[in-house]
Number of protein chains: 2
Amino acid sequence: MSIAIKDIALKLRVSPSTVSRALSGKDGVSEEMRQRIISYAEDCMFQVNPAAQALRTGKGSGLILIAPMNRPEVARIRDEILLTKLHQFFGSAFSLTVDNEENLEYYIKMALAENPQAIIVSGIWHQNFNLLEACNTHKTALLSIDSCLAGHDEIIIDRSTGTEQMTRMFLLSGCSHPVYFKHPEELDTEGYGRLSGIQRAYKEAGLELKPEYCVEFNPKKNDSQLGYEIFSELLKRSYVDAVFAFNDLAALGVQRAIHSFNPASNSEIKLVGFDDLPISTYLPTSLSSISIKLETLIEQASSMLQQRILDLNAPRERAIIPSTLLIRESSRITDRRIIGEIFRQTNHN
Amino acid sequence: MSIAIKDIALKLRVSPSTVSRALSGKDGVSEEMRQRIISYAEDCMFQVNPAAQALRTGKGSGLILIAPMNRPEVARIRDEILLTKLHQFFGSAFSLTVDNEENLEYYIKMALAENPQAIIVSGIWHQNFNLLEACNTHKTALLSIDSCLAGHDEIIIDRSTGTEQMTRMFLLSGCSHPVYFKHPEELDTEGYGRLSGIQRAYKEAGLELKPEYCVEFNPKKNDSQLGYEIFSELLKRSYVDAVFAFNDLAALGVQRAIHSFNPASNSEIKLVGFDDLPISTYLPTSLSSISIKLETLIEQASSMLQQRILDLNAPRERAIIPSTLLIRESSRITDRRIIGEIFRQTNHN
DNA sequence: CTGAAAGCGCTTACAG
DNA sequence: CTGAAAGCGCTTACAG
């Protein structure tokens with residue numbers, strides 16, 4: 001068996017109480033004793049048994065992040081940064097991958113059973129239930145990031161600000177035959193979804209977002225493939241001068257379709273994705289995209305959790321992270337006035 | 001507080017022992033009693049306290065996977081599939097992200113302290129130490145996947161079989177000015193690294209792999225950017241007809257450099273990446289790449305861990321997963337005989 | 001400043 | 001088939 005506090009106590013001829021106090025930094029040990037204990041514990045590479053500690057104190061490991069298996073690469077990267085950053089604060093940070101969103105409740109309960117200080121649910125949209133009570137009995141802070149656990153602390157990604165800028169760009173640069181990929185399952189509560197931004201830009205311009213501009217995009221597996229298929233078909237029968245491809249992966253497929261159909265038309269069709277994948281800047285024709293400030297999100301998450309831990313009963317908080325259009329080669333704009341117009345400040349909330 | 005076994009026992013007027021036996025599926029409870037207990041436990045959404053269970057039995061949560069923060073997307077996907085697949089077998093599966101490989105030892109010790117049934121270390125190359133003893137005292141099975149914890153059960157990715165095929169392709173199709181990106185830190189123990197395959201193909205063809213064919217590729221941050229920079233420079237002063245770009249991300253940068261320099265030369269330069277990212281098929285010019293059979297790796301990992309748990313002291317095992325070239329538009333080959341030659345069977349071990 | 005003792009929630013050998 | 005009891009390793013209120 002591995003070494004325990006009582007082994008150290010025996011060796012050093014003190015009581016386990018003293019060893020515990022010394023190692024956990026509590027008062028009530030002489031500084032000299034503490035140093036002796038710490039030094040010996042290090043020598044024999046002692047580590048407290050987290051299970052025993054958790055059982056005794058009722059508080060388990062620090063943070064557990066719950067995220068779905070199929071999520072865009074940006075979400076994976078976001079979650080990992082969050083995890084390593086919060087590891088420092090919480091002492092430990094594990095993640096749990098949900099293979100099927102319908103099992104979310106099972107996973108959360110499993111996470112709660114560990115009595116962690118905090119749980120983050122990230123990027124899960126298809127399940128909505130309230131766990132405030134369970135969180136309270138476990139004294140666990142729960143933060144919902146880009147997920148729909150309403151009622152808990154929430155960080156919402158406002159995708160509409162970016163798509164609004166994009167749509168303005170399309171309209172201001174005279175695109176009259178746009179195509180907007182529309183995910184039938186994108187929930188658009190409260191106007192933060194992609195579609196809301198598009199609708200706002202049309203309304204603002206006094207124009208109508210005609211139903212024929214929208215194309216259903218509902219990938220079961222490969223976003224790029226579906227983007228390619230949809231657009232190959234579309235190009236055969238329609239003229240298109242602007243595309244919003246829902247995300248960068250799909251935009252990649254669209255780009256390939258355009259390239260196969262007619263390489264020359266590449267520069268005539270404005271193409272915009274979403275997510276700003278690391279690769280998007282380095283495509284042969286770099287891809288315009290929409291992204292959020294990752295640092296802002298990370299900081300928000302960190303501060304909201306710390307706040308919640310200080311007071312589990314304080315009123316729930318909600319932070320909104322806006323998105324922004326990034327103009328690259330796939331939708332070149334040179335006119336400075338248009339650019340000014342696109343990024344003009346608006347407050348939709 | 002949340003509900004405990006003794007609460008159920010009280011309510012049902014039985015002893016905690018019986019409740020424990022009923023819930024854990026152990027013998028020694030009448031079937032009728034068991035059903036009554038299970039049904040009540042479900043009603044009140046009882047979950048055992050994992051900390052208490054772990055403390056009592058000396059065995060903690062199922063599986064912990066340790067992986068580095070900066071890894072290619074394919075590795076992320078691989079790890080998540082592994083995690084969800086093994087979750088079923090182990091009952092629980094958490095992952096731990098290492099922000100800095102130098103901290104690996106700290107993370108493994110932290111994981112071991114949880115007394116998990118198994119630990120997987122995945123994709124960590126810069127630390128090598130032996131933890132057999134610690135694993136034995138914790139009765140934890142440790143599997144090293146594409147990492148260098150020699151002495152433990154290991155799954156090795158043999159990158160050389162793919163690069164050997166690629167190099168044959170270059171040579172057989174008459175490329176005389178190749179460029180091979182070479183990572184200075186790629187450890188090449190036992191001939192499984194990218195470079196080994198290239199060397200073997202040259203040797204086999206009776207040709208010399210000249211030093212000027214190799215270019216140092218050592219990305220600190222963005223692989224695509226570095227690929228782009230290296231290749232933009234290269235094109236200015238040399239003629240090139242074949243490129244191995246180390247990975248798909250770098251290949252993307254190379255592709256962009258080629259495209260910027262002279263779009264027409266696109267089809268004259270054979271370009272191959274590594275990893276077979278999901279996007280690589282959908283680039284305007286689809287990217288040739290090298291990949292491994294993911295299913296084989298997952299199955300191996302699963303069976304090796306299960307084996308190890310049955311017998312912690314059995315001799316350590318080692319499995320080798322070969323890689324294969326995938327020929328796409330970035331290195332078109334039409335001659336059937338050449339294709340036959342490229343994929344000719346060889347045994348280098 | 002230090003130690004003896006209780007108890008967190010569970011499981012399991014032992015007794016019936 | 002069922003229950004009483006011990007104990008996993010830790011922490012903390014209590015006593016000195």
Side-chain angles (χ1 to χ4, degrees), chain A residues 1-38 41 44-61 91-92 109-110 112-117 137-139, chain B residues 1-38 40-41 44-61 91-92 110 112-117 137-139:
Chain A
M1 263 324 294
S2 59
I3 187 163
I5 278 193
K6 72 168 185 311
D7 302 319
I8 299 181
L10 226 60
K11 208 64 161 194
L12 262 39
R13 295 165 171 274
V14 289
S15 73
S17 320
T18 304
V19 176
S20 172
R21 281 190 282 255
L23 258 26
S24 61
K26 292 256 161 51
D27 284 350
V29 207
S30 72
E31 204 43 47
E32 187 220 332
M33 182 84 264
R34 187 193 297 279
Q35 287 313 324
R36 215 151 59 87
I37 292 174
I38 288 178
C44 54
M45 309 211 296
F46 167 77
Q47 285 208 274
V48 288
N49 180 320
Q53 204 172 37
L55 180 59
R56 172 62 230 231
T57 62
K59 262 295 132 209
S61 58
S92 87
K109 293 228 168 97
M110 179 171 164
L112 273 173
E114 304 272 349
N115 276 315
Q117 295 197 253
T137 69
H138 287 273
K139 295 202 176 59
Chain B
M1 261 326 290
S2 59
I3 188 162
I5 277 192
K6 71 167 185 310
D7 301 320
I8 298 181
L10 226 59
K11 208 68 163 188
L12 263 39
R13 294 164 172 275
V14 288
S15 75
S17 321
T18 305
V19 176
S20 173
R21 281 189 283 254
L23 259 26
S24 61
K26 292 255 161 51
D27 285 348
V29 208
S30 71
E31 203 43 47
E32 188 221 331
M33 181 85 265
R34 189 193 296 282
Q35 287 314 324
R36 214 148 62 85
I37 292 173
I38 289 179
Y40 181 75
C44 56
M45 309 211 297
F46 169 76
Q47 286 210 274
V48 289
N49 180 322
Q53 202 173 38
L55 179 59
R56 172 62 229 233
T57 63
K59 262 296 132 210
S61 57
S92 86
M110 181 170 162
L112 273 174
E114 304 271 349
N115 276 313
Q117 296 197 255
T137 69
H138 287 273
K139 298 202 173 54

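So that the names make sense, note that chain A is the first sequence line, chain B the second, and so on, each numbered from 1.
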Residues 20-30 of chain B vs side chain to side chain donor-acceptor pair (under 3.5 Å), sequence neighbours excluded, gives none
Contact list for residues 28-38 of chain A, test salt bridge (charged side-chain N to carboxylate O under 4.0 Å, His left out), sequence neighbours left out: A:Glu31-A:Arg34
Distance check, [atom1] atoms only: [N] and [M], in whole angstrom units.
N      : M      : atom1 : value
D:dT12 : D:dG16 : C1'   : 16 Å
D:dA6  : D:dT2  : P     : 23 Å
C:dA5  : C:dC1  : P     : 23 Å
D:dA13 : D:dG9  : P     : 23 Å

In this structure, how many angstroms lie between the [atom2] atom of [N] and the [atom1] atom of [X], rounded?
X       : N     : atom1 : atom2 : answer
B:Leu12 : D:dG3 : CG    : P     : 11 Å
B:Glu31 : D:dT2 : CD    : P     : 11 Å
A:Arg13 : C:dA4 : CZ    : P     : 13 Å

Kindly write out the residues that satisfy side-chain contact (heavy atoms from CB on, under 4.5 Å) with A:Thr57, not counting sequence neighbours, or none if the list is empty. A:Lys59
Contacts of A:Lys11 that satisfy side-chain contact (heavy atoms from CB on, under 4.5 Å) - sequence neighbours left out: A:Tyr40
First of B:Leu55 and B:Val14 reached from the 5' end of DNA chain D, by closest nucleotide: B:Val14
What does the B/S/- profile of nucleotides 10-16 of chain C look like, 5' to 3', with a 4.0 Å heavy-atom cutoff to protein? BBBB---
Rounded to the nearest 0.5 Å, how far does NZ of A:Lys109 lie from OG of B:Ser2?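 Answer for the OG-NZ pair, B:Ser2 versus A:Lys109, is 12.5 Å.
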For a quick check of understanding: with a heavy-atom distance under 4.0 Å over all strands, which category does A:Gly28 fall into, base, sugar-phosphate or nothing? base
Can you list the stems that DNA chain D is part of, where a stem is at least 3 pairs in a row, each Watson-Crick or G-U, with both distances below 3.5 Å? C:1-3 with D:14-16, C:5-12 with D:5-12, C:14-16 with D:1-3
